[in-house]
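Below: one structure, written as structure tokens.
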Amino acid sequence: MQRTVHVDLGPRSYDVRIGAGLVGEIGQSAADLDAKRAAVISETNVAPLYAKQVLDSLSSAGLDAWDIVFQAGEPSKTLGVASEILDELLGHEPPIDRRTMIIALGGGVAGDMAGFVAATALRGLRWLQCPTSLLADVDASTGGKTGVDHPVGKNLIGAFHQPAGVLIDVETLKTLPREELTNGLAECVKHAVIRDASMLDFLERNVEGILGNDPDVMTELIAINVAIKAAVVTADELESGQRAHLNFGHTVGHAIETSVGYENIRHGEAIGLGMIAENRLATGRGMIPDQEASRVERVLASLGLPVHRAGLDAGEIWKIMQHDKKALDGRVRIVLASAIGDVDIYDDVTEDEVKSVVESLGN
Ligand SMILES: NC(=O)c1ccc[n+]([C@@H]2O[C@H](COP(=O)([O-])OP(=O)(O)OC[C@H]3O[C@@H](n4cnc5c(N)ncnc54)[C@H](O)[C@@H]3O)[C@@H](O)[C@H]2O)c1
Ligand SMILES: [Zn+2]
């Protein structure tokens, strides 16, 4: 089974293809886009698993291809590492030119890094994304946000630079550690709440296939989620409005991550708790009905995400939220649901509301 989602952005439009075995088709895709050479940018966990397949596919399609591999993990997402990759890329012989394509191979870290290098090298090279984590499949690979972290905060340096295509090979999920799967699943729940109640039905009906990594179920799951993300991105490419809906669960979630320390909680777990807190906040305002908010919590639990966390410091979390980069003129901006599939941005949440829902996560 294969699916294709078209991301309609005028001259920057591209297709996201999803299915089993697509790693072997990267060469053809690059050749179809008239590339002559390709630099595969990957990291130390993923390159040993898939870089050879990708390089072979590129060579078979007649491209001169080589790889550049950096240390896996979020701590590598820095200007320093980007600069080392650019050194290697610009030092390549014969020199790179406009027909050199960048291939991002890996999870969200490799995608953000390779995309940032593609956005800046020669003022912008074309690039293909070959995501390998569920989070990158359903979220990071579509939309053209690229960038690196800064000590002041995550993802503060970067550019919008849409890829020329995305190839999602669901077979790569076989080697993805189970605990990484939940990071992607939390973003799927987020997509359901912001745009598509039927996605929640899909999650409820397919827990077994998802946790068992069934290729057809994963293809369908990823296609639905890419379509949701694509719809949001095409309506607001540069995040001046509704693209911010994708921050649902992330205002409280990021503050939880910062408060407990990134090494002590997974992104998906923090976002899951963030969604629960933000839904309870909405419930308290008479917005999303109790039974719908509870349904979201049940889905999160069935997918293996925690729905409680003891020891959160509600006061600190509120303070962190006020300094979030999404805050505007010191006012906390938060995405709240009126129903599953219907959200809006609010800037009037109070310290008392936030503290009370964060404290409720401990029970
Ligand atoms: N650009 C965007 O729109 C966007 C959106 C969401 C998140 N992000 C970024 O994505 C990053 C998180 O992405 P992530 O969760 O994929 O992190 P990641 O890239 O670090 O991958 C998670 C872990 O899984 C490993 N891995 C990935 N694919 C594998 C596979 N198939 N087999 C075995 N191991 C595999 C990686 O080496 C890593 O250890 C963050 O930096 C975040 O800021 C970007
Ligand atoms: Zn997220």
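We count ligands from 1, going down the list as the structure has it; atoms in each ligand are counted the same way.
- Each of E353, E351, E359 was evaluated against K355; a single residue qualifies, E351, per the side chain to side chain donor-acceptor pair (under 3.5 Å) test.
- Heavy-atom contacts of K77 reach the following atoms of ligand 1: 40 (C), 41 (O), 42 (C), 43 (O) (cutoff under 4.0 Å).
- Short contacts between ligand 1 and L49, defined as distances under 4.0 Å to a heavy atom of the residue, involve ligand atoms 32 (N), 33 (C).
- Against a heavy-atom cut-off of under 4.0 Å, N155 is close to the following atoms of ligand 1: 43 (O).
- The side chain of E43, and not its backbone, has at least one atom closer than 4.0 Å to an atom of ligand 1 (non-hydrogen atoms only; side chain from C-beta on).
- By the criterion of a heavy-atom distance under 4.0 Å, the side chain of D112, and not its backbone, is placed next to ligand 1.
- Distance check, rounded to the nearest 0.5 Å: CD1 of I320 to OG1 of T258 gives 5.0 Å.
- Side-chain contact check for Y262 and E74: no donor-acceptor pair (N or O, by modelled atom type) lies under 3.5 Å.
- Contact annotation for P131 and ligand 1: no heavy atom of the residue comes within less than 4.0 Å of the ligand.
- Those atoms of ligand 1 with a heavy atom of E74 less than 4.0 angstrom away are 40 (C), 41 (O).
- If you look at Q71 next to ligand 1, there are no close heavy atoms at all, none under 4.0 Å.
- Considering each of D139, T175, L246, the one bringing a non-hydrogen atom nearest atom 32 (N) of ligand 1 is T175.
- Close contacts between ligand 1 and A140 involve ligand atoms 1 (N), 2 (C), 3 (O), 4 (C), 5 (C), 6 (C), 8 (N), 44 (C) [criterion: under 4.0 Å to a heavy atom].
- Under 4.0 angstrom from ligand 1, the non-hydrogen atoms of K145 come from both its backbone and its side chain.
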Using distance only, find each side-chain donor-acceptor pair of residues 332-346 under 3.5 Å and give its atom names and separation, not counting sequence neighbours.
none

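- With hydrogens left out, the protein atom closest to atom 20 (O) of ligand 1 is V109 CG2, 3.4 Å, a heavy atom.
- Of all atoms in ligand 1, numbered sequentially from 1 with element shown, those under 4.0 Å from a heavy atom of V46 are 26 (N), 27 (C), 28 (N), 29 (C), 35 (C).
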